[in-house]
Amino acid sequence: MSVRLDGRVAIVTGAGNGIGRAHAMSLAEHGAQVVVNDLGGALDGTGSGGAAERVVEEIRAAGGTAEASTDSIATPDGGAALVRRAMDAFGRVDAVIHNAGILRDRTIAKLSDDDVQSVIDVHLTGAFNVLRPAWPLMAGQGYGRIVLTSSSSGLLGNFGQANYGAAKTGLIGLMHVLSLEGARRGILVNTIAPTAATRMTDGLLGELADRFDPRHVAAVGTFLASEQCEINRHILTVGGGRVGRIFLGVTPGWYSGREPAKPDDILANLDDICRLDDFIVPTSGADEIELIQKVLSQ
Ligand code: NAD
């Protein structure tokens, strides 16, 4: 079995540069008809340009099929126009890789309202703007693959990126819920936490920067966007040729008994509460509640 997307239509947001461009080229190489979406702005989200058209030309020159969309996915109208573009050009939507991103790095005391809002608008609200119009199409055909783009900056933390980190981890909540809502309709939702040498990481990856080719990330994106992907609600971390999994685990914990604990009990039992031995990886919020119920009923 090999990964192919022949006959499939894939949308990639922010596909005019960096990782998104690599996703779009790889999807096309593996048979997909690709809608290359990019506003073509600067790293901070200002301005616009012809980045999407350039990638479409590259894909066509390599024998692939692609159409450009210059809609900003930061607005509901832009997201709807992008999905319409895919329907007009190719008649269906099978996969969405939401990859568009901007940066407005500042420590929390220095963040302006616009620094907070604009970053959340592109990364987190942008996902809603594209997925809400795409979802009924996927649900109607009983098939879809959604790939979100998170970041270690939010999942693990990075100084000076409160706006970005919060937006990126908001996408994990979105994945968790959509993966439950989509499973019975053939829609699988997964997330990439990438590291790649792009304008976003210019000067940050040191001497080995050239090892962080965005194409390492694109291999994971194309797999997760394909029919051959059967995993759901996974966060795959990829960069420099390493691919791993990041997950949320829950410790077995400490039980206070029938009477509510006192703050002093929490203090006294903190080691047991936080002990990582035998942690589990729940597949939903209900899973964790079931675990507690099981112990309580014994
Ligand atoms: P990039 O700046 O090269 O690409 C991002 C693209 O998104 C740009 O082409 C930009 O024009 C586009 N974009 C921005 N706002 C848009 C909008 N409103 N509508 C449509 N397009 C828009 O950066 P990249 O490094 O390739 O980042 C791609 C994704 O990966 C981002 O979501 C980023 O946060 C994430 N990420 C990257 C890294 C890394 O190491 N490069 C690490 C963690 C996460």
Side-chain angles (χ1 to χ4, degrees), residues 11-26 35-56 68-83 85 96-105 117-130 147-158 161 163-172 174 191-206 208-218 220-221 235-240 242 246:
I11 290 174
V12 185
T13 71
N17 289 292
I19 296 169
R21 170 179 169 274
H23 281 315
M25 308 260 311
S26 169
V35 181
V36 176
N37 162 258
D38 207 297
L39 184 62
L43 188 55
D44 68 359
T46 56
S48 59
E53 291 88 341
R54 279 196 294 277
V55 173
V56 167
S69 141
T70 54
D71 302 294
S72 169
I73 52 77
T75 68
D77 285 351
L82 167 56
V83 172
R85 179 97 184 93
V96 173
I97 300 185
H98 174 47
N99 158 89
I102 63 168
L103 287 183
R104 299 276 186 96
D105 292 356
Q117 198 58 52
S118 59
V119 167
I120 290 175
D121 282 350
V122 175
H123 293 277
L124 183 55
T125 316
F128 286 90
N129 293 337
V130 180
V147 184
L148 302 174
T149 310
S150 187
S151 169
S152 61
S153 296
L155 290 162
L156 307 173
N158 201 23
Q161 292 198 305
N163 51 355
Y164 178 78
K168 285 307 206 189
T169 309
L171 289 164
I172 302 303
L174 180 63
T191 301
I192 298 177
T195 306
T198 69
R199 65 182 189 173
M200 209 176 253
T201 51
D202 199 19
L204 296 178
L205 296 175
L208 292 172
D210 64 341
R211 299 288 299 276
F212 288 81
D213 191 317
R215 287 179 300 176
H216 290 303
V217 182
V220 175
I235 306 167
L236 296 186
T237 169
V238 47
R242 166 184 169 265
I246 295 180

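Note that ligands are numbered from 1 as they come in the structure, with each ligand's atoms numbered from 1 the same way.
- For atom 1 (P) of ligand 1, the nearest protein heavy atom (residue, atom name, distance) is Arg199 NE, 3.7 Å.
- Residues that satisfy the side chain to side chain donor-acceptor pair (under 3.5 Å) test with Arg215, not counting sequence neighbours, are Asp213.
- At least one heavy atom of Asp71 sits less than 4.0 Å from an atom of ligand 1.
- Heavy atoms of Phe212 come nearer than 4.0 angstrom to ligand 1 in no pair at all.
- Within ligand 1, counting atoms from 1 as listed, the ones closer than 4.0 Å to a heavy atom of Ala74 are 18 (N).
- Residue Ala42 places every heavy atom at 4.0 Å or more from ligand 1.
- The closest donor-acceptor contact from the side chain of Arg54 to the backbone of Gly16 lies at 3.5 Å or more, if one exists at all.
- Thr149 CG2, 3.4 Å is the protein heavy atom nearest to atom 30 (O) of ligand 1.
- Within the 3.5 Å criterion, the main-chain N or O of Asn99 finds a donor-acceptor partner in the side chain of Thr13.
- Heavy atoms from both the backbone and the side chain of Asn17 come within less than 4.0 Å of ligand 1.
- Close contacts between ligand 1 and Thr201 involve ligand atoms 39 (C), 40 (O), 41 (N) [criterion: under 4.0 Å to a heavy atom].
- For atom 5 (C) of ligand 1, the closest heavy atom belonging to the protein is Gly101 O, 3.7 Å.
- For atom 34 (O) of ligand 1, the closest non-hydrogen atom of the protein is Tyr164 OH, 2.5 Å.
- The residue Ser153 has no part lying near ligand 1, judged by heavy-atom distances below 4.0 Å.
- Which parts of ligand 1 touch Leu43 is read off a 4.0 Å heavy-atom cut-off, strictly below it: atoms 2 (O).
- The side-chain heavy atoms of Val119 and Ile102, taken from C-beta on, include a pair separated by under 4.5 Å.
- Summary of contacts: the protein heavy atom closest to atom 42 (C) of ligand 1 is Pro194 O, 2.9 Å.
- Here the heavy atom of the protein found nearest to atom 31 (C) of ligand 1 is Asn99 O, 3.0 Å.
- When only non-hydrogen protein atoms are considered, atom 21 (N) of ligand 1 lies nearest to Leu39 N, 3.4 Å.
- Using a 3.5 Å distance cut-off with no hydrogens or angles, the side chains of Thr46 and Asp44 do pair a donor with an acceptor.
- With a 4.0 Å heavy-atom cut-off, ligand 1 is reached by no atom of Asp121.
- Heavy-atom proximity to Thr195, at under 4.0 Å, picks out these atoms of ligand 1: 40 (O).
- Ligand 1 has a nitrogen or oxygen under 3.5 angstrom from a nitrogen or oxygen of Asp38.
- For the pair Ile192 and His23, the minimum side-chain heavy-atom distance is below 4.5 Å.
- Considering both main-chain and side-chain atoms, Ala196 comes within under 3.5 Å of ligand 1 through a nitrogen or oxygen pair.
- Side chains of Thr149 and Lys168 form a contact here, defined as non-hydrogen atoms less than 4.5 Å apart.
- Leu174 is not listed as a side-chain neighbour of Thr191, based on a closest heavy-atom distance of 4.5 Å or more.
- Heavy-atom contacts of Ser150 reach the following atoms of ligand 1: 44 (C) (cutoff under 4.0 Å).
- Residue Leu82 forms a side-chain contact (heavy atoms from CB on, under 4.5 Å) with just one option from Val96, Val35, Thr70, and that option is Val35.
- Nearest residue to atom 17 (C) of ligand 1 from Ile73, Val130, Thr125 is Ile73 (criterion: closest heavy atom).
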Give the C-alpha distance, both sets of side-chain angles, the deciding distance and a yes or no for side chain to side chain donor-acceptor pair (under 3.5 Å) between Asp77 and Thr75.
CA-CA 5 Å; Asp77 285 351; Thr75 68; 5.7 Å; no
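- Among Thr198, Leu148, Val238, the residue whose heavy atom lies nearest to atom 24 (P) of ligand 1 is Thr198.
- For the pair His123 and ligand 1, a heavy-atom separation below 4.0 Å is found.
- Ligand 1 places these atoms under 4.0 Å from at least one heavy atom of Gly40: 11 (O).
- Considering OG1 of Thr237 and CZ of Arg242, their distance stands at 5.0 Å, rounded to 0.5 Å.
- With a 4.5 Å cut-off on side-chain heavy atoms, Gln161 and Leu103 count as touching.
- With hydrogens and angles ignored, the 3.5 Å screen pairs a side-chain donor or acceptor of His98 with a backbone N or O of His123.
- Considering CG of Leu148 and CD1 of Ile172, their distance stands at 7.5 Å, rounded to 0.5 Å.
- For Lys168, the heavy-atom gap to ligand 1 drops under 4.0 angstrom.
- At least one heavy atom of Asn37 sits closer than 4.0 Å to an atom of ligand 1.
- Closest protein heavy atom to atom 6 (C) of ligand 1: Gly14 O, 3.5 Å.
- With a 4.5 Å cut-off on side-chain heavy atoms, Asn163 and Ile120 do not count as touching.
- Here is the list of ligand 1 atoms found below 4.0 Å of a heavy atom in Ile19: 26 (O), 30 (O), 37 (C), 41 (N).
- Contact annotation: Gly41 has at least one heavy atom less than 4.0 Å from an atom of ligand 1.
- Residue-ligand proximity: Ala51 is placed with every non-hydrogen atom at 4.0 Å or more from ligand 1.
- Between Asn17 and Thr198 there is no side-chain heavy-atom pair separated by less than 4.5 Å.
- With values rounded to the nearest 0.5 angstrom, Thr125 atom OG1 is found 6.5 Å from Gln117 atom CD.
- Counting heavy atoms from C-beta outward, Ile73 and Val122 have side chains that approach closer than 4.5 Å.
- Ligand-side atoms of ligand 1 in range of Ile102: 14 (C), 15 (N), range being under 4.0 angstrom from any heavy atom.
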